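Note sheet for the following structure.
Source: prediction; values computed, not measured.
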Amino acid sequence: MTLLTRRQSVGLKLESPAGTPATFDDISHFPFAVKDVEFSPNIQQVERDFFRDSGGRLPSLTGVRPGTISFTSELLGSGDHTATEPAIALLFKACGMQSRVLEEISIGPVANGPFLAGDTITGSTSGETAIVAKTTYSGESKMYVHSVSGAFVSESITGTTGTTNPSTSGGGDASVVGFVYTPRFTGYDNYSCAVQMGTQASGANNALQVTLSGALGSFDLSTSVGNFCEVRATFQGGVEDPEDVATFYGSGTDSVSATPPQFFDANVRTLGNDLVNVSSQSMSLGGNVRVPTGSIGPTGTSPAIFGDFEGASGSFDPLLGLTTEHNFFQKWFDNETGVIEFTLGGTAGNQFIVQAPNAQYGGNTPTDRDTLIAADIPLQLNETSFKNDHIVILAI
């Protein structure tokens, strides 16, 4: 039976401990919709090129079996982020991100700010603490936090960012609004995931499945005006023996018929707390995945690890104006760093805020955008002094 391109699915399942074979036996392992699915085996072919009394070749042997599976999905909410994570959260976790419950606190004007993502805040009266989930900006009336120790009251709130010790007036206790996802570098080596690509045969529910074990991945976010945000993920791991299965699980069967994803509205908050108009925006987690050789199973590979996040980058194309509005060139020349942030949607349960807390411009090439001058600007996403926080994703 012929396999069908449009009947492909991708499932993810976290392995515990790392490298433990996972079984894909439930639709819950295929929670998000996918397209542009690609499987690329990078299997070693060992030649036996010995001298003998003839000039022909000897059969080669397959050696170490690493491979990659890539696909595209979308940022789509669960409908109620106070109780249920978005389906794409499984992908974030399989790419080395950690998930925490997100809460918000009403705040007044910030003195000596901003509060940086990763900063620990303390209530002056309650003594309770929390960690800032994303860097605040001037005029913001709420602060997003996680790891809340207890109940805040109406009190002064202080932080420990650098030597500035930012402070503000808090409006009371924190309330749960969703989840926050941040990169994880320490502790990444005690887990991995299995990635399964299924392709259904014509006229049947049978499917061919290819599985990567001991895998890790990285992803890119990209969006444009009047479009949703795509998530392009690439996973690397050991290629297990392919097999036929009797049941085909379609990816994102429920999500594709649910509330549609939110569109990008062109406004991006950039260095210096300025709002700029862009037609496209991208950010990359930048995980440098390595698959060591080893002796675990038939693949000849050990569980994948992250070498670093040196590939953390992005780009956008803001309209250019006078330097008094936003001096893109000077901020580039001066190596200025700061927040770059964009939002998708405004409805609870289907809203995402993506922030790079410490980004910088990596260039500036003027270009034409429908008779208007825009700038193609590559972005470098740096970590802050709190580390491993070069990209923060809030699901609200």
Same apolar cluster: Phe316 and Val231, side chain cutoff 4.5 Å:
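In one cluster: yes.
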
Linking I/L/V/M/F/W/Y whenever their side-chain heavy atoms sit closer than 4.5 Å, directly or via other members, would Ile69 and Phe32 fall into one cluster?
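Hydrophobic grouping puts Ile69 with Phe32.
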
Quiz item: Would the number of heavy atoms belonging to other residues, nucleotides or ligands and lying under 6.0 Å from CG of Asp49 be above 12?
Solution: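 No, not enclosed.
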
Of all the heavy-atom pairs spanning [X] and [Y], show the shortest one and how long it is.
{"X": "Glu15", "Y": "Ser213", "value": "OE2-CA, 3.7 Å"}
{"X": "Thr234", "Y": "Ser70", "value": "OG1-OG, 3.0 Å"}
{"X": "Ala304", "Y": "Val289", "value": "CB-CG1, 3.9 Å"}
{"X": "Ser192", "Y": "Gly19", "value": "OG-N, 3.1 Å"}
{"X": "Thr384", "Y": "Pro357", "value": "CG2-CB, 3.9 Å"}
{"X": "Ile157", "Y": "Gly170", "value": "CD1-CA, 3.7 Å"}

Between [X] (side chain) and [Y] (backbone), is there a donor-acceptor pair under 3.5 Å?
{"X": "Asp317", "Y": "Ser280", "result": "yes"}
{"X": "Asp334", "Y": "Glu336", "result": "no"}
{"X": "Thr367", "Y": "Asp376", "result": "no"}
{"X": "Gln281", "Y": "Ser315", "result": "yes"}
{"X": "Ser9", "Y": "Tyr249", "result": "yes"}
{"X": "Lys134", "Y": "Val392", "result": "no"}
{"X": "Gln355", "Y": "Thr135", "result": "yes"}
{"X": "Thr168", "Y": "Gly108", "result": "yes"}
{"X": "Thr299", "Y": "Glu240", "result": "no"}
{"X": "Glu140", "Y": "Tyr137", "result": "yes"}

Do the side chains of Lys142 and Glu103 get close enough for a salt bridge, i.e. N-O under 4.0 angstrom?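 Salt bridge flag = no for Glu103 with Lys142.
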
Would you sort out whether Tyr361 and Phe329 count as a ring pair (Phe, Tyr, Trp, His ring centres under 6.0 Å), showing the intermediate values? CA-CA 9 Å; Tyr361 301 151; Phe329 283 101; 9.9 Å; no

Name of the residue among Phe179, Phe352, Tyr181 meeting ring-ring contact (aromatic ring centres under 6.0 Å, His included) with His81:
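That would be Phe352.
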
Parallel, tilted or perpendicular: rings of [Y] and [X] (30°, 60°):
{"X": "Phe235", "Y": "Phe71", "value": "parallel"}
{"X": "His29", "Y": "Phe24", "value": "perpendicular"}
{"X": "Phe342", "Y": "Phe264", "value": "perpendicular"}

Please report the interatomic distance OG(Ser284) to CD1(Ile391), rounded to the nearest 0.5 Å.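 Atom-to-atom, Ser284:OG and Ile391:CD1 are 7.5 Å apart.
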
Check your understanding: Going by the salt bridge (charged side-chain N to carboxylate O under 4.0 Å, His left out) test, which pairs reach into residues 50-67, not counting sequence neighbours?
Key ->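 Residue pairs passing salt bridge (charged side-chain N to carboxylate O under 4.0 Å, His left out), neighbours aside: Glu47-Arg57, Arg65-Asp241.
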
* Asked: Do Gln351 and Gln262 pass the side-chain hydrogen bond (donor to acceptor under 3.5 Å, both in side chains) test, and can you show the C-alpha distance, the side-chain angles, and the key distance before you say yes or no?
  -> CA-CA 7 Å; Gln351 180 182 10; Gln262 298 296 296; over 6 Å; no

Exercise. From the options Glu85, Arg184, His146, Lys93, select the one residue that forms a side-chain hydrogen bond (donor to acceptor under 3.5 Å, both in side chains) with Ser99.
Key: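 Result for side-chain hydrogen bond (donor to acceptor under 3.5 Å, both in side chains) with Ser99: Glu85.
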
Could you pull out every donor-acceptor pair under 3.5 Å between side chains of residues 149-156 and any protein atom, sequence neighbours left out?
| residue | atom | partner | partner atom | Å |
| --- | --- | --- | --- | --- |
| Ser149 | OG | Glu128 | OE1 | 2.7 |
| Ser149 | OG | Thr129 | N | 2.8 |
| Ser149 | OG | Thr129 | O | 3.3 |
| Ser149 | OG | Thr129 | OG1 | 3.4 |
| Glu155 | OE1 | Ser124 | N | 3.3 |
| Glu155 | OE1 | Thr125 | N | 2.7 |
| Glu155 | OE1 | Ser126 | N | 2.7 |
| Glu155 | OE1 | Ser126 | OG | 3.3 |
| Glu155 | OE2 | Ser126 | OG | 2.8 |
| Glu155 | OE2 | Val153 | N | 3.0 |

Residues [X] and [Y]: side-chain donor-acceptor under 3.5 angstrom:
{"X": "Asn382", "Y": "Gln360", "result": "yes"}
{"X": "Asn388", "Y": "Thr182", "result": "no"}
{"X": "Arg6", "Y": "Gln8", "result": "no"}
{"X": "Ser78", "Y": "Asp80", "result": "no"}

Could you please spell out the steps behind the side-chain hydrogen bond (donor to acceptor under 3.5 Å, both in side chains) verdict for Gln380 and Ser313?
CA-CA 5 Å; Gln380 181 172 310; Ser313 60; over 6 Å; no

Establish, yes or no, whether the cationic atom of Arg290 lies under 6.0 Å from the six-membered ring centre of Phe306 and within 45° of the ring axis.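 The answer is no; the distance or angle limit is not met.
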
